[in-house]
Amino acid sequence: MKPAPVPSADSSPIVVDETGPQSFTLTVTFDGQRFECGRYISRAAAMQAGRLFLQRKEGEAANGRTKRKPGRK
């Protein structure tokens, strides 16, 4: 039985780059599109935001929605 491959930084849809002390940028790739998702003060916060962003995009793709509708729950 082979161990699961470890994704490299290039194949991961979530990329967190350190741009300075306590400054991280988040870039997420989904469905061939690249999204610049802002700056964060910790790597953990950026990773969490990236995971939440991917979950939202996957949910929108599964439901056929392309954007949020204001005032709808």
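Sequential numbering from 1 along the given sequence is applied to the chain's residues. Side chains are part of it too, since the values below use all heavy atoms of this structure and drop only hydrogens, waters and symmetry mates.
Interatomic distance, CG of D31 versus CG of L54, reported as 11.5 Å (0.5 Å rounding). Separating the CE atom in M47 from the OG atom in S12 is a distance of 6.0 Å, to the nearest 0.5 Å. A distance of 11.0 Å separates CZ in R43 from CG in L26, rounded to the nearest 0.5 Å.
The side-chain contact (heavy atoms from CB on, under 4.5 Å) test with R34 is passed by exactly one of T27, V28, V15: T27.
Counting heavy atoms of neighbouring residues, nucleotides and ligands inside a 6.0 Å radius, atom CD of E58 exceeds 12 of them. The environment of L52 atom CG is dense: over 12 non-hydrogen atoms of other residues, nucleotides or ligands sit within 6.0 angstrom.
Summarising the geometry of F30 relative to A61, their closest heavy-atom pair is CZ-CB, 4.3 Å, with the distance given to 0.1 Å.
With a 4.5 Å cut-off on side-chain heavy atoms, T19 and R39 count as touching. Here the side chains of R51 and Q55 are not in contact, with every heavy-atom distance at 4.5 Å or above. Contact of the T25 side chain with the E36 side chain is not registered, since no non-hydrogen atoms from C-beta on lie closer than 4.5 Å.
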